[in-house]
Amino acid sequence: MARFEPCHGKNACRDDGERCLTCGRGLDEIARLRNAIDALATLAIERDYDNSEEFATYVTRKLFKTINYRREQLG
């Protein structure tokens, strides 16, 4: 199983055209995560949530549960 390495900040990013040389993640993975985060932020803004921290906490909790559930299903 791989270990997630968080971004060290946009100013720290250096890539070789395929992966970030700082965190080691592939550029496709980085783009997919940015798109997912952008979609969640867009949803919160479109719904005009004034409790964005509660929204983010809910998303975190549900994501964790979904990952664990799917791993259990895979066996």
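One is the number of the first residue; the rest follow in order along the sequence. These figures come from a predicted structure and were not determined experimentally.
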Atom pair CZ (Arg25) and CZ (Phe4), whose distance is rounded to the nearest 0.5 Å: 4.0 Å
Is there side-chain contact between Met1 and Arg71, with at least one heavy-atom pair below 4.5 Å? yes
Value rounded to 0.5 Å, distance of CG in Asn51 from OG1 in Thr57: 9.5 Å
Check: Tyr58 and Arg61 side chains under 4.5 Å, non-hydrogen atoms: yes
How many angstroms lie between atom CG of Leu40 and atom CG of Asn35, to the nearest 0.5 angstrom? 11.0 Å
Side-chain (Arg14) to main-chain (Asn11) donor-acceptor, under 3.5 angstrom: yes
Side-chain heavy atoms under 4.5 angstrom apart, residues restricted to Ile, Leu, Val, Met, Phe, Trp, Tyr: same cluster for Ile37 and Leu43? no
Any chance CD of Gln73 has more than 12 other-residue heavy atoms, nucleotides or ligands included, within less than 6.0 Å? yes
Reported CZ-to-SG distance for the pair Arg19 and Cys13, which is rounded to 0.5 angstrom: 13.0 Å
Rounded to the nearest 0.5 angstrom, the OG1-CD distance for Thr60 and Glu53 is 10.0 Å
Nearest 0.5 Å, please: how far is CZ in Arg70 from NZ in Lys65? 15.0 Å
What one should report as the nearest heavy-atom pair of Cys20 and Cys23 is SG-N, 3.4 Å
Should side-chain heavy atoms under 4.5 Å link Ile, Leu, Val, Met, Phe, Trp and Tyr, which residues sit in the same cluster as Ile30? Leu27
